[in-house]
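Written below as structure tokens is the structure these notes are about.
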Number of protein chains: 2
Amino acid sequence: MRKLRFSFLVLMASIQANIFGQNYLDFNESDPVKMGWMQGFPPSDDKIVSAIDGSFFRFPALRYSVCHMRQFMPTTVVKASNGKRYKFKVRLDNAIDNIAFMPTNDPKPMLWRESLSKNYTDGMLILHKGKIVYEKYFGELKPDGLHAAMSVSKTFTGTLGGLLVEEGLLDENKRGAYYIPELKGSAFGDATIREILDMTTGLKYSEDYSNPKAEIWAFSAAGNPFSKIENGPSNYYEYLKTVQKEGEHGEIFGYKTVNTDVMGWIVSRVTGKSIPELLSERIWQPLGTHYDGYFQIDGAGIAFAGGGFSANMRDMAMFGEMIRKKGKFNRKQILPQELIEDIMNGGDKEAFSKSAYSSLKGWSYRNMWWHTHNEHGAFAARGVHGQTIYIDPKAEMVLVRFSSHPEAKNSKIDPTSLPAYHAVAKYLLSK
Amino acid sequence: MRKLRFSFLVLMASIQANIFGQNYLDFNESDPVKMGWMQGFPPSDDKIVSAIDGSFFRFPALRYSVCHMRQFMPTTVVKASNGKRYKFKVRLDNAIDNIAFMPTNDPKPMLWRESLSKNYTDGMLILHKGKIVYEKYFGELKPDGLHAAMSVSKTFTGTLGGLLVEEGLLDENKRGAYYIPELKGSAFGDATIREILDMTTGLKYSEDYSNPKAEIWAFSAAGNPFSKIENGPSNYYEYLKTVQKEGEHGEIFGYKTVNTDVMGWIVSRVTGKSIPELLSERIWQPLGTHYDGYFQIDGAGIAFAGGGFSANMRDMAMFGEMIRKKGKFNRKQILPQELIEDIMNGGDKEAFSKSAYSSLKGWSYRNMWWHTHNEHGAFAARGVHGQTIYIDPKAEMVLVRFSSHPEAKNSKIDPTSLPAYHAVAKYLLSK
């Protein structure tokens with residue numbers, strides 16, 4: 001275990017193991033500023049959040065760390081705009097705080113403002129018709145700060161993959177080994193670009209952290225920038241070559257991070273650019289973002305395309321609004337309209353219904369976006385501990401949430417989030 | 001040694017040991033882009049520059065790494081301006097390339113442009129009367145990139161220390177233990193703020209990398225964010241408490257990094273802000289800088305005030321020009337005129353002449369600035385491998401150089417640099 005100590009995923013696992021069934025400090029009790037993490041010169045020993053012992057990724061210290069991931073690991077930059085930076089118009093609507101909704105796990109109604117603390121929200125931003133109508137920062141997150149996006153990172157990688165399909169640089173019917181010959185012999189060798197983008201690959205790959213033999217451990221160890229595995233994969237790409245097939249491709253949605261890292265590899269091989277470089281050039285700079293983002297990287301400098309991005313909340317909202325506007329933002333067509341329409345149409349509902357995520361009834365997954373197929377056609381980027389970019393086309397709403405919920409799984413957070421988002425959307429629609 | 005593997009200083013030492021007396025690849029042969037470091041998806045094994053084996057800090061890979069320090073270590077941000085960003089006027093003067101000068105170690109004259117490759121220059125920017133008259137980028141450094149400042153970092157810490165003295169937050173005659181009681185019993189306990197700022201402390205502290213018992217190793221190990229020393233100092237501050245006195249304070253200039261880290265500690269204790277925070281608030285943001293810089297940090301999140309800063313070259317030039325203009329830049333009085341005048345007056349020449357740096361005849365050291373006391377009153381920030389901000393008041397010139405010379409010591413680089421700078425200054429003065 002010692003060698004794994006810096007691994008993001010390993011740490012996620014330890015949290016999930018540690019906290020299962022526990023009672024956590026509540027939102028206010030766990031406020032990272034009040035808790036004093038890393039405050040003082042030097043911080044007292046019990047306030048030091050460390051990569052060495054993995055404490056940086058354990059709740060409640062997690063609430064500090066998600067705003068400072070680069071303090072714990074090597075990173076590479078996603079450059080913001082060096083030109084004119086986009087400024088949102090702000091028309092705050094305080095009535096949102098008192099919108100009531102019905103949690104799906106509780107018969108009592110809840111107010112919007114209550115949901116924020118319930119979900120350990122670090123930042124919440126809502127755009128309506130492109131204007132900021134709601135914006136709050138809590139605890140360690142500041143307006144000029146960054147926050148870990150977790151698996152919202154996948155959506156950026158998937159969107160770039162979809163972009164290359166749209167531009168003809170990738171053929172969605174061609175297979176992984178066509179673009180990356182080294183993937184021949186792995187599960188990805190005969191999976192199509194479309195199957196990888198929509199995560200309908202059949203993989204012998206478990207992300208069950210409670211199983212010490214789960215493949216996630218080897219992936220995690222390979223991506224650890226601080227130790228080299230002897231006689232084993234020592235970076236993300238080396239690991240991806242070893243993933244074996246299980247079942248058939250194209251039948252069941254299987255939400256597995258390695259699909260995104262393979263897509264990152266394919267995108268990079270085809271364009272000659274890393275995901276952070278391409279994200280900056282094609283999206284982050286054209287948006288007119290204000291703040292450099294960054295990705296955590298492995299020992300070969302490879303960005304963790306499946307979960308390693310940290311970014312600023314308003315910058316994230318620019319991305320969301322650009323998607324809502326079918327690729328157009330800041331007076332530029334940044335992504336092709338056809339790509340966004342494809343995302344908005346959603347993916348294979350049947351494949352989704354057969355998955356471990358079938359409790360999200362009627363949903364689908366497309367280009368690494370989650371599609372609710374609800375009455376408003378809402379779709380989202382989603383990451384553990386409650387990260388999201390939630391886009392409601394009908395209500396002309398884009399919502400970004402950064403959070404640090406003690407539970408990683410969104411299934412613990414959705415009951416007081418998804419109905420809350422929909423309630424705000426209905427309110428905005430009625431305005 | 002294994003535990004030390006990520007240490008910046010240890011790696012510097014290993015380079016110095018490795019390369020002493022060797023013949024290096026020349027400027028063009030060692031071009032990091034041509035060498036292909038970290039290129040490809042994935043890079044081939046022989047092109048991976050790694051923190052694990054220390055290769056990232058060995059020449060010629062060093063030429064890649066100095067532009068990407070955050071890819072190898074945890075860092076914390078120095079925020080750039082979020083307001084209007086300063087734009088230099090550009091009036092390039094190509095005649096500078098053909099200015100001849102006499103190297104101090106060679107009877108043959110050399111042209112300016114030849115000195116750039118001789119000194120493994122990564123970036124060179126010259127301001128005359130505040131306008132850019134010369135600007136070149138080589139190899140891995142790009143106009144929107146960052147570069148390790150090495151000990152130029154000290155000058156930022158020293159300038160902030162001097163600022164607090166000017167503002168009355170620090171009394172230069174008070175001693176270290178007055179501000180940091182934990183320093184009582186260490187050499188810094190009875191050293192005055194002025195002695196620390198001017199590095200005239202008497203310390204039992206060797207930076208002789210060839211001696212395995214030199215104190216630099218323990219400092220370095222303490223600052224390693226990836227291993228906790230059992231029964232020993234496990235962060236910079238804990239180490240600083242252990243530094244013992246040798247000789248008397250106030251008599252001899254002793255260029256030792258720990259003085260800067262103690263000053264960083266004192267500045268942080270007094271202001272409640274880390275060096276990266278304070279540098280951003282008081283200098284980097286008011287300047288109107290374009291790019292976030294960053295500091296490498298230890299396991300307690302403490303910035304390496306004595307050497308851990310990376311920044312953009314134009315942003316560095318803004319700082320230099322602000323100093324040249326006695327604190328005024330971007331229509332603001334950013335630092336008090338009295339502080340800059342104090343720096344421009346230089347330090348104790350006699351203390352300097354008794355030091356290991358006595359070959360720099362007539363120089364002095366003040367507030368962590370090197371003063372040449374030459375006919376133009378030039379003074380500079382200096383860092384290993386050739387980093388500098390060189391300010392010539394008489395010629396109204398500010399010069400910033402980033403470089404990656406195979407030798408760490410500036411004594412190897414000065415013979416073809418200092419006379420070159422002075423020749424350009426004389427040329428600009430005559431224009």
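Chain letters run A, B, ... following the sequence lines, proteins first, then strands; residues in each count from 1. For clarity, every value in this text was computed on a predicted model and none was experimentally measured.
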A:H290 side chain to A:N312 side chain, donor-acceptor N/O pair below 3.5 angstrom:
no

Those residues at least two apart in sequence (or on a different chain) that pass salt bridge (Lys or Arg N to Asp or Glu O under 4.0 Å) with B:K241 are none

Per-residue tally against chain B (heavy atom, under 4.5 Å) across A:R269, A:Q71, A:H68, A:R85 peaks at A:R85

Scored by heavy-atom pairs under 4.5 Å with chain A, the best of B:S50, B:G299, B:G272 is B:G272

* Asked: Would A:E135 and A:Y137 satisfy side chain to side chain donor-acceptor pair (under 3.5 Å), going step by step from the backbone distance to the final call?
  -> CA-CA 7 Å; A:E135 185 176 24; A:Y137 298 86; 2.6 Å; yes

Problem set entry | Ring centres under 6.0 angstrom apart (A:Y291, A:W284) | no

Bottom line for B:P42: the part with an atom under 4.5 Å from chain A's heavy atoms is both

Cut-off 4.5 Å, heavy atoms of chain A, and the answer for B:S234 is neither

Scored by heavy-atom pairs under 4.5 Å with chain B, the best of A:I297, A:D292, A:N82 is A:N82

Applying salt bridge (Lys or Arg N to Asp or Glu O under 4.0 Å) to B:K79 and not counting sequence neighbours gives A:D144

Heaviest contributor of heavy-atom pairs below 4.5 Å to chain A, chosen from B:I302, B:I180, B:V77, is B:V77

